[in-house]
Amino acid sequence: MKQSILEIAIITDNRKQILDVWPQVNLKECSFPFEVHYMVEELEDQNRIFLYLFELENAGHLEPMEKLIPFLPFCLMFVDELDESFVKKISDYTSRFETPLYLVMHEDEKLKEKISTIAHLDFKLPEFVILEKQATVSRTIRKLVKNILDKVSLHIAAEGKPEPPEDS
Amino acid sequence: MIHVAVIAREKSWFDQIITQIPSLPISFRWFENCSVFFKNQELEDWQLIYLISDRFDLLQEELVQVKEQIPEIPVLCTVPKLRQSQRQLLHQLGAKEVFPWPVTRQEMKYFFKSYPEFFIAKAEEDQYDFIGQLDFVDGVELLRSFCTKENTGILTFNWDERNGRIEIQNGQIVHAAYRQLDPLTSVLVLTSWHHGQVSFKEESFISKRTIMLTNKQIFDECLQYRQEREHLLQAFPPEEVKLFTHPDLNFEDFGPSERSWLYKMYKGRTILELRDLYEGDFNFMLKKLKLWLEKQYIIPEEEYHSIRAKKEAEMSTSGLTRLFRKILKSEQKEKEKETSKEQPPVQKKLPYLFASFENLQIFKSMVEES
């Protein structure tokens, strides 16, 4: 049986953000080949989802980010406060990577306001996904990944698969 | 000590109320609903019952129940969007005072001041198991010392008008409240205070657990919070140097809260003064200040004085020289712009190389099935 791994990166500069969303999350750490923090979601038949945590401003994360992010299907970023540092983070990411970035929003009373503000910022970003809290960490991760994969497949259906660059 | 029973369906409403009330010799206890309260009625000699609800009909029912059982104790009521007729009805049912939600600090203060006996309460120190000043004790170490023993009770933090509390059950931190911050951030902020008073009172009636982390994880968070603050502080000039707002800054470009902070620095403030002025999560404020410092909205004392001196010297020169200088400056700026246009910063953008989209479909079906 062929097993596969789905790798995703979460761009964050605040580990607390992750703990806020998933208080009981089991954060793992590896130091080789890169020093990376990650979470693992085990699916059936030993298939797995790996979620890496990267900090844009952490010099130690620069190398793993450059080596990994181009080969990932997409990255995630949680939206807390729409302030200047957030705008800086997004422009920083979009100027460095072409890998699609999905903004994950919490379902709260400010949601509409946040969406319209981000729409005005005019970044060429893919759509937003809304974080639906489920009973367990595992279910929340699965639901989130499912929501994004839905969007990815819609995107492919509409525009076709992005062509790999010629010079490799 | 005056004992007040607060009956509120949501614990957060209770937290919001008690963290707003100025430090008084009053002990508040939370009950989820009337039946829980009646079961534990013997716990204290209650002087006041405070009912909080988000719906008028529920509040009315609770008020009737309380007044039937214990008509002699005065009852306070709080509910959002009160109409005049509803207010009258509550008074007819026996409510002592009715506040619309949200209750402000001023309202609470006036109400409690109208009860002179609240202020004539006996020496409060005797009522606590521990009382100390944060000026001499490290907040985290203090909290740690309460957690190692098999303690159950409430650690109260008071610093002027600021009030917060950390609840401990059998040595485990279970809940904390400070302003409207989330419980974990409340612990981080409260333990980082350098002034104020801490008191501990043993209490068996502790609220539900809202902080799911273990004590070790919480202390690790505290450590991380402290390290983050130290890291942020490195970006600022030494502690004794005052920070000023830039003399050319246009205050109207900012929102009301940012403007008020910038205005506070108009006459210069050291970073320690700012720390004591800011009531919320100071690391958050430090990030903002760091950004302002980078953008030169705020500048260190020396730079400020040199800019001021330059400006004053300029004002004292004749109008004609000022005009010439202005023209020369604008020419220079244009030149600079042209040169910068010629050499745009080259930043290599990494391409998107992911190709196995079939795999994504497989994963999608796997996640769906589960």
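Lettering follows sequence order; numbering is per chain, from 1. Values reported hereafter were calculated over all heavy atoms of this structure, with side chains retained and with hydrogens, waters and symmetry mates removed.
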Within the distance-only criterion (no hydrogens, no angle test), does the side chain of B:Y352 pair as donor or acceptor with the backbone N or O of A:P73 below 3.5 angstrom? yes
With a 6.0 Å cut-off (strictly less than), is the heavy-atom count around CD of B:E294, excluding the residue itself, greater than 12? yes
Checking A:K146 side chain against B:F363 main chain: does a donor-acceptor pair fall under 3.5 Å? no
More than 12 foreign heavy atoms under 6.0 Å from OH of B:Y263: is that the case here? no
Looking at A:E107, I'd like to know if its CD atom is crowded, meaning that more than 12 non-hydrogen atoms belonging to other residues, nucleotides or ligands lie closer than 6.0 Å. no
Part of B:L213 lying under 4.5 Å from any heavy atom of chain A: side chain
Atom CD of B:Q180: over 12 foreign heavy atoms under 6.0 Å: no
Enumerate by number any residue of residues 55-71 of chain A whose heavy atoms lie under 4.5 Å from heavy atoms of chain B; in the absence of such residues, state 'none'. A:E66, A:P70, A:F71
Mind checking the OG1-CG spacing from A:T99 to B:L350? Nearest 0.5 Å is all I need. 8.0 Å
Residue part contacting chain A, namely of B:K290, when any heavy atom lies under 4.5 Å: neither
For side-chain contact (heavy atoms from CB on, under 4.5 Å), just list the numbers for A:E98 and B:K349, CA-CA rounded to whole Å, side-chain angles, deciding distance to a tenth of an Å, and then say yes or no. CA-CA 7 Å; A:E98 279 180 3; B:K349 200 168 171 179; 3.8 Å; yes
Please report the C-alpha distance between A:V152 and B:L360 in whole Å, then the side-chain angles of each, then the deciding distance to 0.1 Å, and finally whether the side-chain contact (heavy atoms from CB on, under 4.5 Å) criterion is met. CA-CA 9 Å; A:V152 174; B:L360 286 187; 3.9 Å; yes
Side chain, backbone, both or neither: which part of A:L72 has a non-hydrogen atom closer than 4.5 Å to chain B? backbone
Test applied, salt bridge (Lys or Arg N to Asp or Glu O under 4.0 Å); reference residue, A:E84; option that passes from B:K287, B:K295, B:K288: B:K295
Output the distance between atom NZ (B:K364) and atom CD1 (A:I148), rounded to the nearest 0.5 Å. 12.5 Å
If contact means a heavy atom pair closer than 4.5 Å, which residues of residues 215-226 of chain B contact chain A? B:E221, B:Q224
Measure distances from A:I5 to the heavy atoms of chain B and classify the residue's part below 4.5 Å as side chain, backbone, both or neither. backbone
